Amino acid sequence: QAAQFSHCGARLEVGCKGGFVYVFDIIKERKKEKTSKTVVASFIAKDNSAVVSIQWANKDDLIAVGFEKWRGDCFRIV
């Protein structure tokens, strides 16, 4: 399991044991009063491998995700 804020602090990336990766918009979350989450993007590992590391690119448009059973992958955040 891993989590990391984007460089600007506006987004939070969370990875979990099942290979799921979620990117939340924190700015929109602060403005909401409901408990629902604002998910910007979500990804899943090919083999449900656990997420062991995550890293944002400098411009916060790409995330690199390391998985337990294989090297990892990069995902573009729009």
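Quantities reported herein were computed from a predicted structural model and do not represent experimental measurements. Hydrogens, waters and symmetry mates are skipped; everything else that's a heavy atom, side chains included, is used.
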Q.
Using side-chain heavy atoms (C-beta onward) and a distance below 4.5 Å, is Q4 in contact with I63?
A. no

In terms of heavy-atom contacts, E68 and S49 come closest through N-OG, 3.1 Å

- Message: Are the side chains of I54 and F75 in contact, using a 4.5 Å heavy-atom criterion?
- Response: no

Value for CD (E13) from CD (Q55), rounded to nearest 0.5 Å, stands at 8.5 Å

What I'd like to find out is whether the side chain of F67 reaches to under 4.5 Å of the side chain of V51, using heavy atoms alone. yes

Is V52 linked to V14 within one hydrophobic cluster, defined over Ile, Leu, Val, Met, Phe, Trp and Tyr using a side-chain heavy-atom separation of less than 4.5 Å?
-> no

Exercise. Tell me, do R11 and V40 make a side-chain contact under 4.5 Å, heavy atoms counted?
Worked result: yes

In this structure, SG of C16 is separated from CD1 of I44 (nearest 0.5 Å) by 8.0 Å

Discussion item. For a 4.5 angstrom cut-off between non-hydrogen side-chain atoms, does F5 reach I26?
Written reply: yes

